[in-house]
Protein chains: 2
Amino acid sequence: MAMATLSDVAKEANVSKMTVSRVINHPEQVTEDLRLLVINAMKTLNYRPNSAAKALAQNRTNVVKFLILEDIDTTEPYYMNLLFGIARGLDKQQYALQLISDRDKLNAGNADGYLITGARTKDSEWLDQLEKPLVLYGENRYGYDFVDTDNKLGETMATEYALAKNYQSIIFIGIDVKEPFEYSREAGYINTLQQNGLLPRIHRMANRSHISQGFINDHWAEFARNTCFVCASDRLAIGVVRAILAKGGRIPDDFGVIGHDGVFLDQVSNPQLTTVQQQVMSLGEHLARMLLSKIDQSGAQQGEVLLTPQLVARGTTRP
Amino acid sequence: MAMATLSDVAKEANVSKMTVSRVINHPEQVTEDLRLLVINAMKTLNYRPNSAAKALAQNRTNVVKFLILEDIDTTEPYYMNLLFGIARGLDKQQYALQLISDRDKLNAGNADGYLITGARTKDSEWLDQLEKPLVLYGENRYGYDFVDTDNKLGETMATEYALAKNYQSIIFIGIDVKEPFEYSREAGYINTLQQNGLLPRIHRMANRSHISQGFINDHWAEFARNTCFVCASDRLAIGVVRAILAKGGRIPDDFGVIGHDGVFLDQVSNPQLTTVQQQVMSLGEHLARMLLSKIDQSGAQQGEVLLTPQLVARGTTRP
DNA sequence: TTGTATGCGTTATCAG
DNA sequence: CTGATAACGCATACAA
């Protein structure tokens with residue numbers, strides 16, 4: 001019992017293949033009665049379109065490539081959710097995914113477009129060479145279409161929350177990369193402090209928990225009680241928490257810590273981390289949808305989408 | 001400048017399309033000189049086979065579906081590595097992936113086969129209904145082809161290691177599921193203890209760090225010094241570590257803790273976890289390859305593959 | 001060993 | 001609005 005094809009449905013409904021095809025792709029060009037007839041036939045035959053044939057006829061592949069430019073070992077756990085979001089977005093149009101971690105392999109095989117994450121400023125050179133539509137995950141200032149969390153807003157929320165909880169001094173622990181997402185996060189922090197007549201204090205370092213742990217440890221004398229650390233990532237935040245606890249600091253009474261990312265890492269830390277949570281799955285869906293519509297519109301510019309994050313209050317800030 | 005096709009290459013090399021096709025799929029049926037001629041032509045034209053056309057002609061889709069039956073929120077971070085491994089395995093034959101988290105959507109769209117993870121005993125009912133080849137990630141005793149870590153060996157290694165480090169009492173903290181992977185892990189522990197004339201002590205609970213933390217806390221009085229906890233997962237192990245530290249127990253001098261999984265979670269814990277590390281990426285590659293060869297062999301049984309894990313000694317056991 | 005004809009399932013084009 | 005025909009790029013079956 002091979003799969004039913006367009007022709008089978010056509011026979012069943014006593015129409016031509018084209019009518020069936022139109023019912024699927026251009027229903028408005030078909031009269032209502034024929035349309036219903038065909039739909040019934042499709043149901044009784046349990047018709048499933050053959051995506052390979054469709055792809056061939058339309059000069060498509062029904063595949064998009066997802067390129068991850070970061071080191072796999074350092075990839076955040078939330079990528080899993082991102083992937084699920086992407087998968088869900090692609091699903092509706094029966095697109096499949098190809099995961100690529102090596103930019104050299106990007107040109108092997110065919111695809112209709114690219115989703116790219118971890119792109120840094122320097123990557124724009126070869127991004128411009130790509131012949132198919134692409135959408136980035138993560139802010140950029142080179143005009144590429146992208147989807148991201150509203151990083152500035154997120155850190156604004158975090159800083160305001162720290163102020164509302166009456167921490168006197170708010171210190172930003174950032175990641176030492178010169179990339180838009182970091183600038184945006186810092187900007188959210190800086191603006192909020194300035195609006196409250198406070199002076200920003202920013203420390204930047206590699207995004208690893210033992211680094212931030214060491215930093216807090218080494219500079220412990222500089223941090224008065226009643227300080228809240230607003231961190232650019234959950235990793236950094238976890239290290240900060242550990243250092244404070246090791247020094248005998250009391251969380252959240254004397255010290256607050258707020259992370260950023262809010263997927264997974266915040267759950268395994270102890271005490272549980274107050275964090276700026278991203279809607280990662282939703283980000284993935286937006287990514288996929290943006291790319292698909294860009295493909296549909298033969299590469300037309302799509303602009304940017306910034307999703308609103310959410311502050312999740314847990315054990316590392318005052319109740 | 002459209003993509004070069006078989007015909008283009010054929011013209012360039014002054015042969016027929018079929019010769020070109022043969023050079024790709026059955027090179028042994030073609031004379032050496034023609035073969036080289038064709039290969040050159042392919043290079044100069046930068047020929048890339050059109051996978052949609054290939055798929056259509058062979059009644060394939062060049063897509064495999066990856067079904068994750070676990071709750072996404074509880075998925076382990078190592079899935080990311082698994083996915084990369086799968087992707088790498090699929091890449092060589094230009095297969096693409098479709099991620100599915102809802103078993104109902106398994107039948108939407110087409111695929112050449114299925115990779116399934118998180119399958120439990122009860123799932124065998126509907127697994128049998130599937131018409132395409134499938135390979136499971138994770139042991140099972142229903143005859144499905146599978147790839148997994150050698151769970152029994154892994155826990156054997158962990159238990160032997162604990163003994164070698166002179167912990168007197170070895171306690172197993174397991175997951176309360178009636179599934180083969182858990183039985184195998186327990187078996188490795190039990191056998192090793194019995195061979196050393198010791199009595200097994202097993203506690204089973206939900207696979208969450210705060211559960212194991214609570215358990216150790218509540219039963220603290222029962223655990224003498226010089227005990228090593230061999231845990232069925234890193235999550236459980238992390239909870240155990242936290243509880244011990246909170247009770248003032250000294251790790252690794254008086255208490256040892258060994259986890260299982262060894263991807264990511266072990267890195268963020270403090271102190272860093274001694275753990276049974278799986279070669280997750282390699283597991284993924286094996287999964288993909290097994291499925292692809294099963295597809296090639298029109299569904300022939302592939303058997304099972306058990307990969308050897310590795311014990312990584314870190315801070316939660318004696319040096 | 002190589003080439004020719006045909007079909008895979010779908011959509012675009014053009015005719016009715 | 002509907003249908004016949006060709007085309008997408010490749011592989012199978014058969015013929016030379």
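Computed from a predicted structure; not experimentally measured. Here is the naming used below: chain letters follow the sequence lines, and residue numbers restart at 1 for every chain.
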Charged N-O contact under 4.0 Å between B:K178 and B:E182:
no
Shortest side-chain distance from A:A53, nucleotide among C:dT2, C:dG9, D:dA11
C:dG9
Taking the nucleotide of DNA chain D with the closest heavy atom to each, which residue, A:N14 or B:L56, is nearer the 5' end?
A:N14
Can you tell me how far P of C:dG7 sits from NZ of A:K17, to the nearest Å?
12 Å
Where each residue is assigned the nucleotide of DNA chain C containing its nearest heavy atom, which of B:A57 and A:V20 is assigned the position nearer the 5′ end?
B:A57
Examine the side chains of B:Q94 and B:N62 and answer whether a donor and an acceptor come within less than 3.5 Å of each other.
no
Worked verdict on B:L69 versus B:L67 for side-chain contact (heavy atoms from CB on, under 4.5 Å):
CA-CA 6 Å; B:L69 290 172; B:L67 176 62; 3.9 Å; yes
Checking all strands, does B:E32 fall into the base, sugar-phosphate, or nothing category for heavy-atom contacts under 4.0 angstrom?
nothing
Have a look at A:L34 and say if it touches a base, only the backbone sugar-phosphate, or nothing, with a 4.0 Å heavy-atom cut-off.
sugar-phosphate
Quick one: is A:N50 getting a side-chain N or O under 4.0 Å of the C:dC8 phosphate, OP1 or OP2?
no
May I ask you to say whether A:K294 pairs ionically with A:D112, meaning some side-chain N is under 4.0 Å from a carboxylate O?
no
How close or far is atom P of D:dG9 from atom NZ of A:K54, stated in whole angstroms?
18 Å
For the side chain of B:R48 and the base of D:dG9, is some donor closer than 3.5 Å to an acceptor across the two?
no
Any salt bridge linking B:E139 with B:K152? Criterion: basic side-chain nitrogen under 4.0 Å from a carboxylate oxygen.
no
Closest of C:dG3, C:dT10, D:dC10 to the A:T5 side chain is C:dT10
Could you state the atom-to-atom distance from CD of A:Q29 to P of D:dT2 in whole Å?
10 Å
Atom-pair distance (CZ on B:R60; P on C:dG7), nearest Å
22 Å
Below the 4.0 Å mark, does D:dC10 have OP1 or OP2 next to a side-chain nitrogen or oxygen of B:S21?
no
In this structure, how many angstroms lie between the C1' atom of C:dG9 and the NZ atom of A:K11, rounded?
13 Å
For C:dG9 and A:S7 - does any side-chain N or O of the residue sit under 4.0 Å from the phosphate oxygens OP1/OP2?
no
Of the listed D:dA13, C:dT1, D:dC10, the closest approach to the B:T31 side chain comes from C:dT1
What's the CG-P distance between B:N25 and D:dA13, to the nearest Å?
13 Å
Side-chain N,O (A:T19) to OP1/OP2 (D:dT2) below 4.0 Å
no
How close or far is atom P of D:dC8 from atom CG of A:N62, stated in whole angstroms?
19 Å
If the cut-off is 4.0 Å, is B:S16 near the phosphate of C:dG3, judged by side-chain N/O to OP1 or OP2?
yes
From the options D:dA4, D:dA11, D:dC8, select the nucleotide whose nearest atom is closest to the side chain of B:M18.
D:dA11
In whole Å, what is the span from the CZ atom of A:R22 to the P atom of C:dT10?
15 Å
Is A:K122 salt-bridged to A:E179, going by a charged N under 4.0 Å from an acidic O?
no
